[in-house]
S.K.: 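The structure under discussion is supplied below as structure tokens; questions concerning it will follow.
Just so we're clear, the structure is a prediction, and the values are computed from it rather than from any experiment. Just so it is clear: chains get the letters A, B, ... in the order the sequence lines come, proteins before strands, and each one is counted from 1.
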Protein chains: 4
Amino acid sequence: MPKKPTKAASPSTAPILANGPAAAGPDTAPASNRATRAAERRAAIVEAAMEEFIARGFAATRLDDIAKRAGVAKGTIYLHFKDKESMFEELVRIVIVPVVARLTTLPPPAGSVRDLIETFAGNFLKEVIGTRRGDLVRLIVAEGPRFPSVADFYYREVVSRGIAAMRALIELGIARGEIRQKDLARYPQILVAPAMIAVIWQSLFARHAPLDAQEMLRVHLDLIFGERRTT
Amino acid sequence: MPKKPTKAASPSTAPILANGPAAAGPDTAPASNRATRAAERRAAIVEAAMEEFIARGFAATRLDDIAKRAGVAKGTIYLHFKDKESMFEELVRIVIVPVVARLTTLPPPAGSVRDLIETFAGNFLKEVIGTRRGDLVRLIVAEGPRFPSVADFYYREVVSRGIAAMRALIELGIARGEIRQKDLARYPQILVAPAMIAVIWQSLFARHAPLDAQEMLRVHLDLIFGERRTT
Amino acid sequence: MPKKPTKAASPSTAPILANGPAAAGPDTAPASNRATRAAERRAAIVEAAMEEFIARGFAATRLDDIAKRAGVAKGTIYLHFKDKESMFEELVRIVIVPVVARLTTLPPPAGSVRDLIETFAGNFLKEVIGTRRGDLVRLIVAEGPRFPSVADFYYREVVSRGIAAMRALIELGIARGEIRQKDLARYPQILVAPAMIAVIWQSLFARHAPLDAQEMLRVHLDLIFGERRTT
Amino acid sequence: MPKKPTKAASPSTAPILANGPAAAGPDTAPASNRATRAAERRAAIVEAAMEEFIARGFAATRLDDIAKRAGVAKGTIYLHFKDKESMFEELVRIVIVPVVARLTTLPPPAGSVRDLIETFAGNFLKEVIGTRRGDLVRLIVAEGPRFPSVADFYYREVVSRGIAAMRALIELGIARGEIRQKDLARYPQILVAPAMIAVIWQSLFARHAPLDAQEMLRVHLDLIFGERRTT
DNA sequence: TATGAATGAGATTTCATTCAT
DNA sequence: CATGAATGAAATCTCATTCAT
């Protein structure tokens with residue numbers, strides 16, 4: 001087995017769960033009450049588990065390593081999660097839910113559809129491609145078949161909503177005359193395909209041939225909206 | 001862990017390695033000489049290992065199951081492969097090489113570029129999406145980061161060549177006036193992105209929302225070549 | 001292979017590590033705190049491993065048997081030792097160190113050199129020949145070539161020191177006129193050779209022809225110091 | 001396990017079984033008839049097995065390696081020996097018998113007892129210490145307890161005879177007035193002890209502190225016979 | 001007679017899970 | 001609540017032995 005890279009492969013070292021004091025690492029100043037401490041520990045476990053699962057996949061991840069990285073004892077993990085499997089399943093939920101929550105409170109749709117999509121793609125580039133969150137996508141692709149509940153959840157919460165949102169945007173674009181090909185609304189996957197490819201490419205082939213995701217997405221949007229006059 | 005489905009999840013039950021009598025299953029009539037028998041066993045192991053790796057991933061696959069499925073004793077595997085890891089690495093090579101070989105002996109480019117690509121895409125649909133070979137792509141995406149040599153090999157043998165071939169086709173399309181957007185040649189990934197997405201979609205979400213890959217690819221090609229007059 | 005004699009061949013059943021309550025067997029009353037219990041288990045493993053290694057040699061010893069004999073689970077061994085090999089290497093150190101420690105705190109040299117050596121030889125007879133410690137010497141002879149680190153350690157800690165001590169005694173004997181042959185100081189091995197032979201003889205040939213080691217050593221000392229007038 | 005030294009540790013590379021065309025290596029010109037060929041193979045197996053057993057001990061020796069070294073197939077070994085165990089037992093006999101045979105046809109006792117013993121010791125030095133045959137002695141010491149039949153055989157054929165021969169020599173020396181200490185005849189082991197120590201020393205400690213066995217034996221004989229006037 | 005591919009019991013080692021402290 | 005030593009089932013890998021060729 002390729003020896004364990006103690007550090008995750010991802011260039012981004014920012015925690016996958018970002019926000020609030022509860023997400024702080026284990027060496028933070030001791031919080032006031034019991035409940036807070038427990039929440040901190042739980043957050044540390046989630047964070048650590050995510051890193052390990054991303055770096056090694058479900059089966060090859062050791063609870064020992066998660067515990068070490070989270071700065072807790074092995075037994076502590078079992079106070080928060082039933083077992084390794086359900087930990088993995090819960091984890092995906094825990095990590096994805098806030099992301100979805102943020103997406104559903106989108107900025108108000110202003111400007112052209114292309115601008116909307118470009119803004120969205122820009123965020124996606126910044127926050128997903130080449131980050132831990134991108135690795136999470138790859139993790140779900142990798143483990144999905146063995147964790148139908150994970151695949152189900154991901155489809156329900158992320159994919160189906162994303163597809164619906166894209167379809168709405170496309171239809172808006174068609175209605176406004178920005179997009180000429182009506183059939184595109186039937187396959188919103190086409191709109192996001194290059195972005196997904198970019199995510200995977202970064203994980204696997206970045207060191208062979210770096211990919212300028214931003215520029216690729218621009219070319220792709222030109223294909224859909226027509227090339228821009230001015231830049 | 002989702003209890004082991006002895007049968008692979010893949011809908012296609014055709015062997016991933018297709019050709020010749022040597023690839024026959026273990027219940028074939030006994031062949032003449034020892035060398036042939038050995039080759040048969042080896043092929044059975046490769047076939048069985050591929051199924052198991054696809055169904056469970058590298059770490060969760062048991063050599064015991066591979067042996068059982070191949071109809072050989074556990075020790076026999078070690079006559080053909082050094083250990084589990086190098087078996088996995090060799091396996092990917094063994095399975096991919098003939099595919100690449102077939103691709104490089106492509107039919108002579110005749111007709112329009114769109115026709116060429118459509119023919120190619122048709123083959124791809126038939127032979128990859130929803131088949132074991134598609135699952136293999138997903139497996140490589142899943143295990144690539146832990147098996148850099150596999151990712152390297154796959155990039156070198158499949159991805160870089162595929163990208164080059166696509167770029168050549170795109171440039172031909174541009175030269176002939178079939179494709180208007182010149183920038184596309186810089187990102188051939190855009191051309192194949194929907195096909196890759198289709199592969200992954202089939203593995204993960206087919207039961208939630210079946211995807212008509214053929215139709216999606218047609219829409220995508222319309223985007224690139226312009227919509228067809230007649231259908 | 002001569003079927004496994006569950007009990008060691010050695011006549012002495014006293015533990016090779018003698019001292020303190022921590023060395024007690026597994027069926028002792030449970031001690032107070034965890035650290036003590038862990039130390040007890042470790043001691044039990046060391047004791048059991050020594051017995052098994054002596055009885056069967058390194059390669060033929062099964063960790064299963066060590067675990068059974070020590071009254072612990074197989075996995076427990078790996079909490080204390082990295083693997084079988086380093087267990088063996090550590091074991092020799094663990095067992096030898098206290099012996100060496102005791103030897104270096106020798107009784108103050110009093111009386112004639114011959115008396116000194118006879119006292120020493122007497123202790124050696126009682127504590128080494130025909131005991132587990134004697135078997136340990138044979139074990140080191142047996143496994144030394146395959147465990148250079150063990151041979152090194154044994155040479156450094158035991159042999160070179162023993163040789164040096166014997167040389168000092170011989171030179172003292174020469175200076176006092178008790179020993180006439182000056183060259184003996186160049187080969188202190190001659191002084192201890194019969195004792196070593198006795199150790200090996202007991203392990204291998206005792207049942208064919210018992211050897212009165214004590215008497216043999218007396219004859220040998222007569223050779224060196226001259227025969228005693230009275231006895 | 002200390003990685004297998006493909007070459008034996010012994011400095012002497014001469015075969016342990018020395019003589020006659022039947023002992024020739026595997027790449028000798030093909031002999032005339034079947035029986036000869038079979039004898040050659042058997043000899044090659046014996047030779048190879050001895051090397052491997054000496055280098056690794058009984059349990060750690062692989063039949064595969066013996067076969068490879070002997071230049072025969074693994075199955076061939078089973079045409080000559082029942083199994084690994086009885087191969088080891090027979091081996092010791094096969095190797096030792098001719099040695100004993102040679103010893104029993106000793107040169108006629110001429111000259112002083114000391115000269116006799118010195119001649120004998122000289123041969124011993126040349127033919128045993130630091131050679132494969134010396135390693136064989138160590139092997140018997142190592143494996144004896146697990147192979148009582150080997151220890152028995154060795155005691156019967158070599159040790160008891162050697163002891164008897166030494167005793168006879170000692171008694172002759174006493175009768176002739178060369179040896180003054182009469183008790184020595186009761187412990188002929190004392191006579192050979194330094195030689196045995198030298199054998200073991202070479203195997204284990206030669207690289208830490210080389211031992212001039214010849215000189216040590218001379219000093220020892222001086223102890224027994226008195227120091228020589230002239231040299 | 002000789003081969004060496006195949007076997008499968010058995011060895012070492014790992015690691016998710018438990019539970020006394 | 002938290003711990004981490006202990007467990008033991010299960011995994012990988014080895015190798016003496018067999019047997020069809």
Side-chain angles (χ1 to χ4, degrees), chain A residues 1 34-35 37-38 41-42 59-68 71-85 87, chain B residues 1 30 32-35 37-42 45 59-67 71-85 87, chain C residues 1 30 32-35 37-42 59-67 71-85 87, chain D residues 1 34-35 37-38 41 59-68 71-85 87:
Chain A
M1 171 96 37
R34 278 274 192 79
R37 290 281 298 275
R41 280 171 190 281
R42 188 184 165 89
T61 290
R62 289 184 294 267
L63 291 192
D64 240 343
D65 289 343
I66 293 177
K68 219 163 285 167
V72 302
K74 235 189 314 179
T76 306
I77 294 176
Y78 285 84
L79 300 175
H80 292 274
F81 300 96
K82 179 174 154 287
D83 58 16
K84 195 186 175 187
E85 242 184 85
M87 174 165 63
Chain B
M1 169 99 31
S32 48
N33 57 47
R34 283 220 286 214
R37 292 281 296 275
E40 276 174 15
R41 279 170 189 279
R42 188 185 165 88
I45 291 169
T61 290
R62 291 183 293 267
L63 291 187
D64 236 348
D65 289 343
I66 293 177
V72 302
K74 241 182 311 175
T76 305
I77 293 175
Y78 288 86
L79 299 177
H80 294 275
F81 300 96
K82 182 176 151 290
D83 59 15
K84 194 186 173 187
E85 243 184 85
M87 175 163 64
Chain C
M1 167 98 35
S32 47
N33 57 49
R34 283 219 287 215
R37 291 279 297 275
E40 276 174 15
R41 278 169 190 280
R42 188 185 165 90
T61 290
R62 291 183 293 267
L63 291 189
D64 235 349
D65 289 343
I66 294 176
V72 302
K74 242 182 309 175
T76 305
I77 293 175
Y78 288 86
L79 298 177
H80 294 275
F81 301 96
K82 181 176 151 290
D83 57 17
K84 193 185 176 188
E85 241 184 85
M87 175 163 63
Chain D
M1 167 100 33
R34 277 274 192 81
R37 290 279 300 274
R41 282 169 188 279
T61 290
R62 289 184 293 266
L63 291 193
D64 240 342
D65 290 342
I66 294 177
K68 218 164 285 166
V72 303
K74 234 187 315 177
T76 305
I77 294 175
Y78 285 84
L79 299 175
H80 293 274
F81 301 96
K82 179 174 153 290
D83 57 17
K84 194 186 174 188
E85 245 184 82
M87 175 165 62

S.K.: Can you see which heavy atom on C/Y78 is nearest to which on C/L63, and at what distance?
M.R.: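 For C/Y78 versus C/L63, the nearest heavy atoms are OH-CD1, 2.9 Å.
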
S.K.: Are OP1 or OP2 of F/dA5 and a side-chain N or O of C/R37 less than 4.0 angstrom apart?
M.R.: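 C/R37 to F/dA5 OP1/OP2: no side-chain N or O under 4.0 Å.
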
S.K.: Counting any heavy atom closer than 4.0 Å, what does B/L63 reach on the DNA or RNA strands: base, sugar-phosphate only, or nothing?
M.R.: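 It contacts sugar-phosphate atoms only.
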
S.K.: Can you tell me the distance, in whole Å, between the NE2 atom of C/H80 and the P atom of E/dT13?
M.R.: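 These atoms are roughly 16 Å apart.
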
S.K.: Do you know which two heavy atoms are closest between C/R42 and C/F81, and how far apart they sit?
M.R.: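 In this case the closest contact between C/R42 and C/F81 is NH2-CE2, 3.9 Å.
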
S.K.: On DNA chain E, compare the nucleotides closest to C/Y78 and B/A38; which residue's is nearer the 5' end?
M.R.: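 Its nucleotide being nearer the 5' end, the pick is B/A38.
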
S.K.: Using a heavy-atom cut-off of 4.0 Å across all strands, would you classify D/K84 as base, sugar-phosphate, or nothing?
M.R.: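 Contact class for D/K84: sugar-phosphate only.
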
S.K.: Nearest whole angstrom, please: distance from the P of E/dT12 to the CG of C/D83.
M.R.: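 That distance rounds to 11 Å.
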
S.K.: Separation of C/I77 atom CD1 from E/dC15 atom P, in whole Å?
M.R.: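 Answer to the nearest Å: 17 Å.
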
S.K.: Would you mind reporting whether A/L79 and A/R41 have side-chain heavy atoms less than 4.5 Å apart?
M.R.: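 No - every pair of side-chain heavy atoms lies 4.5 Å or more apart.
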
S.K.: Donor-acceptor pair under 3.5 Å: do we get one between D/K74's side chain and the base of F/dT17?
M.R.: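 Looking at the base of F/dT17, it does pair with a donor or acceptor on the side chain of D/K74 (distance under 3.5 Å).
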
S.K.: Tell me: CD1 of B/I66 to P of F/dA11, nearest whole Å?
M.R.: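 After rounding, the reported distance stands at 12 Å.
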
